[in-house]
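Report on the structure given below.
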2 protein chains.
Amino acid sequence: MPLSQCTHPPSAAPATTQPDTEHLCRLLAHVPLLEGLNPDELARFARGVREQNVEKGTVLFHRGDPCHGFHLVLCGQIKLAFTSAEGQEKVIEIMRPGQSFGEAVMFMEKPYFVMAQALTDSRLLHIAKNVVFEEMDRDPTFCRRIIAGLSARLHHLIADVETYSLLSGRERIVGYLLREEESSGEPGLCGRVSIRLPTSKGTIASRLNLTQEHFSRILHELAEAGLIVVEGRTIHIPDVERLRTTSARY
Amino acid sequence: MPLSQCTHPPSAAPATTQPDTEHLCRLLAHVPLLEGLNPDELARFARGVREQNVEKGTVLFHRGDPCHGFHLVLCGQIKLAFTSAEGQEKVIEIMRPGQSFGEAVMFMEKPYFVMAQALTDSRLLHIAKNVVFEEMDRDPTFCRRIIAGLSARLHHLIADVETYSLLSGRERIVGYLLREEESSGEPGLCGRVSIRLPTSKGTIASRLNLTQEHFSRILHELAEAGLIVVEGRTIHIPDVERLRTTSARY
DNA sequence: GCCTGACCTTGATTCTGGTTAACTCATGGA
DNA sequence: TCCATGAGTTAACCAGAATCAAGGTCAGGC
């Protein structure tokens with residue numbers, strides 16, 4: 001269990017702990033991007049890696065900040081979002097353990113154009129630009145991984161655009177619930193499952209490009225139709241198959 | 001002028017012409033992704049390159065088709081779009097000469113998830129997967145370019161998401177006009193410029209996530225406010241600065 | 001000169017989703 | 001205990017944009 005739960009409060013550790021190569025290597029060995037690197041390579045990486053423990057609400061970077069590397073979530077949740085001139089916020093993505101962000105900006109050598117904020121107390125790694133670039137020159141398969149990662153990100157984002165522009169609010173929510181259901185190792189039992197929202201409804205609403213109010217209304221409608229049962233942040237789905245086929249607008 | 005206008009109709013040439021290494025190398029030498037490669041490297045590439053002349057309306061690939069390489073537009077315009085279950089279409093991007101598409105899908109080794117169709121008679125190159133992969137193993141700087149390209153694409157797409165979710169239809173259109181104005185080498189003269197829409201209004205509307213009707217209405221409103229003058233596909237902007245500052249919702 | 005089809009516009013109407021604002025409820029101090 | 005806070009809900013109302021339904025315009029073909 002490399003990317004396990006947080007040691008709940010960021011403990012007495014300073015916000016950014018000092019390098020401890022051995023410890024870092026253990027963590028790095030399980031990062032998807034670095035899997036399969038040998039100990040020497042990992043050690044090279046460790047030079048540029050910094051562990052960060054941040055509390056809920058901490059802003060990792062704002063739009064416009066310079067970018068010196070990329071981040072990797074060990075535990076907790078980080079939201080990526082932008083803010084409009086009028087101060088309203090739109091959540092682009094909620095990053096979960098094992099995911100990384102900021103690579104694209106790093107490769108473009110431009111400032112961040114979104115902001116990142118911890119939704120819960122979180123632990124992450126920051127990998128400095130220079131060690132990434134060095135490793136890229138050294139190892140073509142590492143380049144391949146990066147390319148694969150960026151491609152997947154791109155794919156994901158296009159799927160989001162499709163979702164935003166072709167699906168109604170209701171369909172987006174149903175789709176979200178079904179995806180959450182799939183990714184949370186299902187208990188196998190017939191079609192009856194429960195899922196727990198990873199964060200506040202307001203944040204998820206924004207992620208789906210809805211207002212909190214509208215999100216609330218739609219959940220209510222779905223509940224009224226007997227498709228789901230809402231219990232705080234836990235949502236029970238009595239019949240997944242039925243929910244899936246209900247997408248066909250009401 | 002490497003990427004010049006089309007020899008208007010795709011001439012008598014077959015839809016896919018046979019390799020002619022010398023000719024291809026001349027074309028390849030000016031492709032952004034390949035700039036600076038030496039003749040040997042270009043020749044290696046040429047083995048996997050195919051020139052395509054397609055007429056308006058030709059579908060290059062559908063969603064679900066397997067991907068064997070990526071495409072590069074020499075002249076003409078190609079639209080990338082997806083279609084919803086109910087048959088409505090959403091244009092993601094309109095590719096212009098010098099731009100390439102399909103790389104991300106190629107690197108993921110998955111089928112296409114959007115479709116590509118020529119908006120005008122067009123000439124393009126298809127670069128086969130295997131020569132790209134070979135070159136990547138051989139040349140780390142080539143990898144860097146690909147990474148830079150993918151990163152830029154990602155950035156672009158996130159900017160689109162921002163646009164879709166934070167801006168009103170009117171603001172999106174104004175933004176689009178201003179961007180077109182910038183990219184078309186301005187005639188320098190004070191603030192007065194004219195731009196020509198690259199394709200039909202319906203397609204541009206879809207690109208901006210609007211219906212054709214709504215697009216038409218907004219153009220009308222802008223014209224009424226004296227911000228633009230519409231003359232078929234040509235749009236005159238009497239005062240660019242004024243248009244820019246008008247974004248501040250009406 | 002007329003017909004056709006593609007493209008565009010316009011008006012009436014509907015609807016999805018946003019806005020505003022009041023209210024509930026749980027939590028956690030001080 | 002009381003209050004402050006933040007999350008969530010609800011309802012009334014409004015607006016931006018889609019849909020539906022005609023028309024209009026224009027270029028090309030016959």
Side-chain angles (χ1 to χ4, degrees), chain A residues 9 55-57 77 79 84 86-91 117 119-120 163-174 196-224 228-235 247-250, chain B residues 8-9 55-57 77 79 84 86-91 117-120 163-174 196-224 228-235 247-250:
Chain A
E55 336 190 324
K56 172 173 175 170
Q77 287 152 28
K79 87 170 172 210
S84 75
E86 298 89 41
Q88 59 178 320
E89 186 178 279
K90 152 72 185 150
V91 175
Q117 186 180 27
L119 289 173
T120 62
T163 287
Y164 295 145
S165 47
L166 251 28
L167 267 41
S168 70
R170 189 180 167 133
E171 289 168 315
R172 294 204 292 276
I173 292 184
V174 170
R196 181 148 183 90
L197 300 180
T199 183
S200 78
K201 293 185 183 172
T203 302
I204 294 172
S206 172
R207 168 69 246 271
L208 297 175
N209 229 353
L210 296 168
T211 57
Q212 177 167 270
E213 292 90 331
H214 196 198
F215 185 77
S216 176
R217 265 198 291 262
I218 294 176
L219 279 192
H220 188 85
E221 280 171 31
L222 291 174
E224 215 159 45
I228 61 173
V229 177
V230 181
E231 194 185 325
R233 280 194 191 170
T234 303
I235 299 199
S247 274
R249 320 180 158 262
Y250 43 129
Chain B
H8 280 270
E55 331 190 330
K56 173 171 174 170
Q77 287 152 28
K79 86 169 174 212
S84 76
E86 299 89 40
Q88 61 179 318
E89 186 179 278
K90 153 71 186 150
V91 175
Q117 186 179 28
L119 289 173
T120 61
T163 286
Y164 295 147
S165 46
L166 250 30
L167 267 41
S168 69
R170 187 180 168 133
E171 290 168 315
R172 294 204 294 275
I173 292 183
V174 170
R196 181 148 182 89
L197 301 181
T199 183
S200 79
K201 293 185 182 173
T203 302
I204 294 173
S206 172
R207 167 71 244 272
L208 297 175
N209 229 355
L210 296 166
T211 57
Q212 176 167 262
E213 293 92 328
H214 196 199
F215 184 77
S216 175
R217 268 191 269 269
I218 294 176
L219 279 192
H220 188 85
E221 281 171 31
L222 292 174
E224 216 159 46
I228 60 172
V229 177
V230 180
E231 193 185 325
R233 275 190 195 173
T234 303
I235 299 197
S247 273
R249 330 185 149 254
Y250 45 128

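Predicted model, so just to flag it, every value in this text is computed and none were measured. Residue numbering restarts at 1 for every chain, and letters A, B, ... go by the order of the sequence lines.
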With sequence neighbours left out, what residues match B:Arg196 under side chain to side chain donor-acceptor pair (under 3.5 Å)?
B:Thr234

Value in whole Å for how far the P atom of D:dG6 lies from CG of A:Leu119
16 Å

Taking salt bridge (charged side-chain N to carboxylate O under 4.0 Å, His left out) as the definition, give me every residue that meets it alongside B:Lys201, ordered by chain and number, with sequence neighbours left out.
none

Would you say that B:Thr163 contacts B:Glu171 through its side chain, given a criterion of any heavy-atom pair below 4.5 Å between the two side chains?
no

Going by side chain to side chain donor-acceptor pair (under 3.5 Å), name the residues that satisfy it together with A:Glu231, two or more places apart in sequence or in a different chain.
A:His236

Here the distance between atom C1' of C:dT9 and atom CD of B:Glu231, to the nearest Å, is 17 Å

Would you mind reading off the distance between A:Arg233 atom CZ and D:dG6 atom P, rounded to a whole angstrom?
14 Å

Heavy-atom nearest nucleotide on DNA chain C for A:Ile218 versus B:Thr199: which residue maps closer to 5'?
B:Thr199

B:Arg172 meets the salt bridge (charged side-chain N to carboxylate O under 4.0 Å, His left out) criterion, sequence neighbours left out, with none

Rounded to the nearest angstrom, tell me the gap between atom CG in B:Leu166 and atom P in D:dG16.
16 Å

Each nucleotide N or O in nucleotides 27-29 of chain D that has a protein N or O under 3.5 Å away: list the pair and distance.
none

Give B:Gly232 one of three labels, base, sugar-phosphate or nothing, depending on what nucleic acid heavy atoms sit under 4.0 Å from its own.
nothing

Which of residues 204-216 of chain B have a heavy atom under 4.0 Å from DNA chain C?
B:Gln212, B:Glu213, B:Ser216

Just the rounded figure in Å: distance from C1' of D:dT10 to CD of A:Glu224.
12 Å

When you check the phosphate oxygens OP1 and OP2 of C:dT9, does a side-chain N or O of B:Lys201 lie under 4.0 Å from one of them?
yes

Contacts of B:Thr203 meeting side chain to side chain donor-acceptor pair (under 3.5 Å) (sequence neighbours excluded), chain-then-number -> B:Ser200

Can you check the B:Arg172 CZ to D:dA17 P distance for me, whole Å?
6 Å

Are the side chain of B:Lys79 and the backbone of B:Ala118 linked by a donor-acceptor contact shorter than 3.5 Å?
no

Between the side-chain atoms of B:Arg217 and the base atoms of D:dT19, is any donor-acceptor pair under 3.5 Å?
yes

Specify the separation, in whole Å, of atom CD of B:Glu221 and atom P of C:dT9.
13 Å

Sequence neighbours left out, cut at 3.5 Å: what donor-acceptor pairs do the side chains of residues 211-220 of chain A make with other protein atoms?
from     : atom 1 : to       : atom 2 : distance (Å)
A:Thr211 : OG1    : A:His214 : N      : 3.1
A:Gln212 : OE1    : A:Gly202 : N      : 3.4

Not counting sequence neighbours, which residues clear side chain to side chain donor-acceptor pair (under 3.5 Å) with A:Gln77? List them please.
none

Does B:His220 put a side-chain nitrogen or oxygen below 4.0 Å from OP1 or OP2 of C:dT10?
yes

